[in-house]
Each structure stands twice: as C-alpha cells, then as structure tokens.
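Excluded from the calculations below are hydrogen atoms, water molecules and symmetry mates; all remaining heavy atoms, backbone and side chain alike, are included. Letters A, B, ... are given to chains in the order of the sequence lines, protein chains preceding strands, and every chain is numbered from 1. Given the structure is predicted, the values throughout are model-derived calculations rather than measurements.
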2 protein chains.
Amino acid sequence: MNKKVTLTVQALQRMPYYLQYLRKAKEQGIESVSSTSIAKDLKLNDVLVRKDLAAISTTQGKPKSGFAVNELIDNIEDYLGYNNTMDAVLVGVGSLGRALLGNDEFEKYGLNIVAAFDTDESIVNQIISGKQVFPLKRLKGLVKRMHINIGIIAVPGEFAQDVADLLVGSGIKAIWNFSLVKLKVPDHVLVQDENLAASLAKLSLHLRDEMEKN
Amino acid sequence: MNKKVTLTVQALQRMPYYLQYLRKAKEQGIESVSSTSIAKDLKLNDVLVRKDLAAISTTQGKPKSGFAVNELIDNIEDYLGYNNTMDAVLVGVGSLGRALLGNDEFEKYGLNIVAAFDTDESIVNQIISGKQVFPLKRLKGLVKRMHINIGIIAVPGEFAQDVADLLVGSGIKAIWNFSLVKLKVPDHVLVQDENLAASLAKLSLHLRDEMEKN
DNA sequence: ACCATATCGATAGTGAGATATCGATATATC
DNA sequence: GATATATCGATATCTCACTATCGATATGGT
Ligand SMILES: NC(=O)c1ccc[n+]([C@@H]2O[C@H](COP(=O)([O-])OP(=O)(O)OC[C@H]3O[C@@H](n4cnc5c(N)ncnc54)[C@H](O)[C@@H]3O)[C@@H](O)[C@H]2O)c1
Ligand SMILES: NC(=O)c1ccc[n+]([C@@H]2O[C@H](COP(=O)([O-])OP(=O)(O)OC[C@H]3O[C@@H](n4cnc5c(N)ncnc54)[C@H](O)[C@@H]3O)[C@@H](O)[C@H]2O)c1
C-alpha cells in the first residue's frame with residue numbers, strides 16, 4: 001500500500017508546514033494548490049516543494065491546477081503518523097514539564113502523554129492537566145507494561161543522563177530531550193534534542209552581524 | 001582583533017555542546033583536550049571538531065596534547081556572545097511563557113528577558129519570576145525606548161503573525177518563535193523557529209522504521 | 001637520545017540536499 | 001477548435017557540509 005519512500009530529514013521537517021498551509025487552504029474552500037504557490041508562501045523553492053510532495057502523494061499533481069488539497073492532507077497526516085498516536089511518558093514535572101503536559105496541541109500531532117514522573121514528593125500523586133504524576137521508581141514497570149516507546153526528558157541537566165539510562169533500560173525507543181545535555185544512548189535509540197542553547201547561538205550571531213552592518 | 005570567521009550554522013549549533021564538554025573537563029582539572037576525545041564523547045567526526053575549533057580558537061592546537069581548555073572556553077563564550085547579553089521581550093505569558101520566564105539558565109547563555117506582555121487582563125501587571133507583565137499595547141514604546149532587539153513569541157498560533165508584525169514594527173531584529181506558525185517577516189529580521197511539530201515528525205518516522213524492522 | 005604515536009592542519013573527495021532547465025500536458029481563453 | 005500558459009515530472013547541475021587521507025610535529029616511553 002504505502003509507497004516505499006525515504007524522505008530526507010529536512011523534507012520530513014517541512015511536512016508540518018505544508019500541512020499547515022493545506023489546512024488553511026481547505027478552510028478557505030480551495031480544492032487544489034500548486035507547488036509554486038506553496039513555495040512562495042513558505043519561502044521555499046518550488047521544485048523542492050514539488051519533490052517533497054511527489055514523495056508522499058499517492059496521486060500526481062495536475063498541470064495548470066496542481067495538487068488536490070484533501071488528498072495531500074490525508075497523505076501527509078498518514079505519513080507523519082498523526083492517525084496512529086504515539087504514547088509517551090514525561091519525566092520531570094517542573095515549569096517546562098507542566099507546560100508540556102498542558103499542551104493540548106500534541107494530540108493533533110500524534111503524541112499522547114500517558115503519564116508523568118518526578119522525584120519530588122510534593123508533586124507525586126498529583127494530577128496535572130489530567131495526567132497523573134508517579135514516583136520515578138514506578139517508571140520502568142509502567143513503561144514496560146504499557147509498551148511505551150517515547151520518553152520525554154524535562155529534568156535539570158545534571159539528572160538528564162540518569163533519566164535517559166532509566167528510560168533506555170525500560171525499553172524506550174526514542175527520547176525527546178529538552179535538557180541541554182548531550183545524552184549517551186545505544187545506537188537504536190533516537191534522541192531528538194530540543195536544545196535552546198543552540199537556538200540562542202544562532203540568534204546571537206545574527207544580531208552581531210546586523211550590528212556590524214551599521 | 002576578532003578573526004573574521006564565518007562558521008556554518010551547524011558548526012555554530014555545535015558550539016554549546018563543545019562548551020559543555022570543556023566546562024566539565026575544566027571542573028575535573030583537565031587542562032588540555034584533543035579533538036578526538038571531544039569527537040568521541042559527542043559522537044562527531046574528529047576532523048569536524050578540529051575544523052570547528054580552529055575557526056574560533058585564537059591559538060592552534062598542539063600535537064599530542066590538543067587544545068588548551070581555558071582558552072577554548074573563553075573563545076567560544078566570546079564567539080557566542082555569552083558575555084555581552086542580549087535583551088529580549090516575551091509575548092504571551094501562558095504555561096510556556098511562564099516556563100521561559102522562570103528559566104534561570106538563559107542568563108548563562110547571554111539572554112536576558114527584560115519584560116513580558118500579554119493581552120489577558122488578569123495576568124497584566126503581575127510580576128512573574130521577577131519580570132513584570134505589561135499590556136500588549138505598551139510593547140512598541142518599551143521596545144523602542146530600551147532598544148530591545150529580540151522578541152520571543154509564545155502566544156497561540158492564531159495570534160502569532162499579528163504579534164510578529166507588532167514586533168517588527170517596533171524595530172525588533174530577531175524573533176524566537178515558539179508557535180508552530182511560519183511567520184512572514186522582512187528579510188532583515190531573523191526568525192528562529194522552535195517547532196515541536198517538526199521534531200515530532202522525526203520521532204514518528206523513527207518509531208515507524210523501528211517497528212518495520214521487527 | 002631515539003623512536004613510536006597521538007594529535008594537528010591542509011587538501012582532496014564524497015554525498016546529501018537544493019536549484020536550474022526542459023519537454024510534456026491539462027486547462028483556460030479567444 | 002486553436003492557442004497560450006501555468007503547472008507538472010524528470011534529469012542535470014550546483015552547492016556546501018561533512019569525511020577521509022596524509023604529511024608534519026610535539027610529547028611520552030624506552
Ligand atoms: N523552563 C524552560 O523554559 C525550559 C526550556 C527549555 C528547556 N528547559 C530544560 O528543561 C529542564 C527542566 O526545566 P524546568 O525549568 O522545568 O526545571 P524545574 O526545576 O522547574 O523542574 C525540574 C523538575 O524535575 C524534577 N526532577 C529532578 N530530578 C529528577 C529525576 N531524577 N527524575 C525525575 N524528576 C526529577 C524536579 O523535581 C522538578 O520538578 C532543564 O533541563 C532545562 O534546561 C527548560
Ligand atoms: N505548552 C507547551 O508545551 C508548548 C511548547 C512549545 C510551543 N508551544 C506553543 O507556544 C504557544 C503558547 O503555548 P501555551 O501552552 O503557553 O499557551 P497558553 O494558552 O497557555 O498561553 C498563551 C498566552 O498568550 C496570551 N495571548 C494570546 N493572544 C495574545 C496576544 N495577541 N498578545 C499577547 N498575548 C497573547 C494569552 O493570554 C495566554 O496567556 C503556542 O503557540 C504553542 O503552540 C507550547
């Protein structure tokens with residue numbers, strides 16, 4: 001059924017933007033869109049957009065009109081797995097952890113946080129945004145029993161590696177890492193870093209460059 | 001004084017990791033490190049590390065011993081501008097906004113949030129994590145008066161573009177965007193997207209690939 | 001003092017990803 | 001119905017980040 005396509009990482013990361021554009025178009029009653037219009041809106045090259053869409057689309061685009069909006073939406077949602085949700089556990093219910101727990105948009109993107117864990121006694125057993133907070137020692141059992149394969153790390157940097165080890169030991173397949181620490185994990189485990197320090201580095205450099213111009 | 005080096009974006013984003021490694025080494029009393037050991041620890045190619053460091057280092061590395069830890073730390077901090085802090089304003093004091101306001105690590109990375117803005121009357125005029133929350137209509141005046149050049153967007157997607165326009169109109173030079181919306185801004189304004197949907201896409205695909213293996 | 005070797009910098013090679021070009025085709029217009 | 005054109009897919013080209021290779025050199029061990 002599925003075309004065996006291997007999208008590049010970058011192409012993959014563009015998909016949510018395409019989806020956003022397509023959904024907006026759909027709302028406006030538009031039935032087909034061209035790669036050029038998408039490209040213009042997202043400030044991308046039109047050939048690039050065409051290649052990306054060709055990779056995940058079940059049907060071809062038509063000359064003059066473009067691609068069918070509804071179909072493309074389905075294709076992308078399918079490809080990104082927005083339909084079969086991924087279960088995850090969150091470790092570290094601090095200010096960031098709470099924000100993540102309360103983020104109702106994740107569902108739309110196929111992520112479902114089933115439980116949270118913390119070491120702080122005063123937080124444990126609370127229910128936050130409808131999710132129960134368990135003591136850390138119950139993590140392994142719960143993850144194994146429920147066959148969870150994503151762990152979200154939102155603990156301070158000094159504990160991040162320990163938590164990662166625990167998650168890996170519990171059979172997790174991927175880690176979403178919000179700490180700034182580079183984690184050491186086995187090769188089969190994916191670590192997706194959400195490193196704000198790296199982003200800040202880009203901001204800083206851009207500003208310096210702008211200053212030098214003037 | 002400064003060597004006129006143009007690091008690639010990727011190299012730039014690796015710098016915080018190097019810094020982390022170097023600081024840890026320093027704590028342990030290590031005075032010089034080799035590119036190979038850094039590479040091994042961070043799972044990078046050693047030549048890549050060498051090139052990155054050569055680009056920002058004032059002195060060369062020595063055969064057999066490597067690079068001087070203290071000096072490298074200074075060089076990187078200098079390069080990333082951790083010494084002269086960047087002032088920023090935050091727009092949207094919801095659960096994410098609060099987490100960002102309360103994040104005391106930003107200072108270390110050269111970012112200083114000087115004020116926050118929100119439209120919600122019940123939040124306005126509060127002081128959260130030591131930062132005052134102002135009504136949105138006071139943004140322009142304050143940004144101009146204080147010569148702020150970074151705006152952080154943490155409002156729901158549907159308002160993100162409006163806020164971006166306001167920020168741009170106030171003379172901001174860079175936007176740190178936590179919403180999932182692709183913003184339209186003039187060319188001279190940098191938008192650093194912190195798009196969780198793109199990250200989730202990567203996680204999703206990895207999991208599917210892992211499943212297919214078994 | 002000598003040699004083995006870890007590390008360096010420089011240069012060349014590779015590969016992923018983005019862009020440019022071109023012929024084909026569906027649709028709108030006259 | 002003929003014609004113009006926007007859009008498509010395929011192929012070729014270009015770009016640039018990363019990697020591999022190699023000779024040079026400082027340092028530690030014998
Ligand atoms: N606050 C932010 O805006 C922000 C943004 C991006 C990334 N981060 C990163 O996310 C992490 C958490 O940030 P925060 O601001 O929420 O910190 P926080 O101090 O508010 O929360 C940390 C939580 O982790 C818990 N914890 C500590 N050790 C634990 C362990 N071993 N197992 C389980 N739970 C443990 C603590 O009890 C606390 O509840 C940090 O690494 C930070 O760098 C924070
Ligand atoms: N919660 C998370 O974990 C998380 C993580 C990453 C990104 N995001 C994104 O960050 C944004 C905010 O998320 P949140 O969970 O904090 O939402 P939230 O609803 O908790 O907070 C949004 C805040 O923005 C304020 N606001 C609304 N319109 C505004 C305007 N025009 N000007 C100023 N303030 C305005 C609201 O009053 C509210 O305080 C969203 O775009 C979300 O997708 C959230």
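For the pair A:R208 and B:Y79, the cation sits on the ring face: its NZ or CZ lies under 6.0 Å from the ring centre, inside 45° of the axis.
Partners of A:F106 by ring-ring contact (aromatic ring centres under 6.0 Å, His included), not counting sequence neighbours, listed by chain and number: A:W176.
Within the 4.0 Å cut-off from OP1 or OP2 of D:dC8, not a single side-chain nitrogen or oxygen of A:Q60 is found.
Heavy-atom minimum distance, A:D165 versus A:K184: OD1-O, 4.2 Å. The nearest pair of heavy atoms linking A:S170 to A:L139 is OG-CD2, 3.5 Å.
In summary, the side chains of B:S57 and B:E71 do not present any donor paired with an acceptor at a separation below 3.5 Å, with no hydrogens or angles considered.
Contacts of residues 21-51 of chain B with DNA chain D (heavy atom under 4.0 Å): B:N45, B:V47, B:L48, B:K51.
Here D:dC18 presents its P atom at 10 Å from CG of B:L7, a figure rounded to the nearest Å. Taking atom CD on B:Q10 and atom C1' on C:dA18, their separation rounds to 13 Å, with Å as the unit. Rounded to whole angstrom, the span from the CG atom of B:D52 across to the C1' atom of C:dC8 amounts to 15 Å.
Not one N or O on the side chain of A:Q192 forms a donor-acceptor pair closer than 3.5 Å with the backbone of B:L200.
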Could you list, one pair per line, each protein nitrogen or oxygen that sits under 3.5 Å from a nitrogen or oxygen of nucleotides 24-27 of chain D, together with the distance?
none

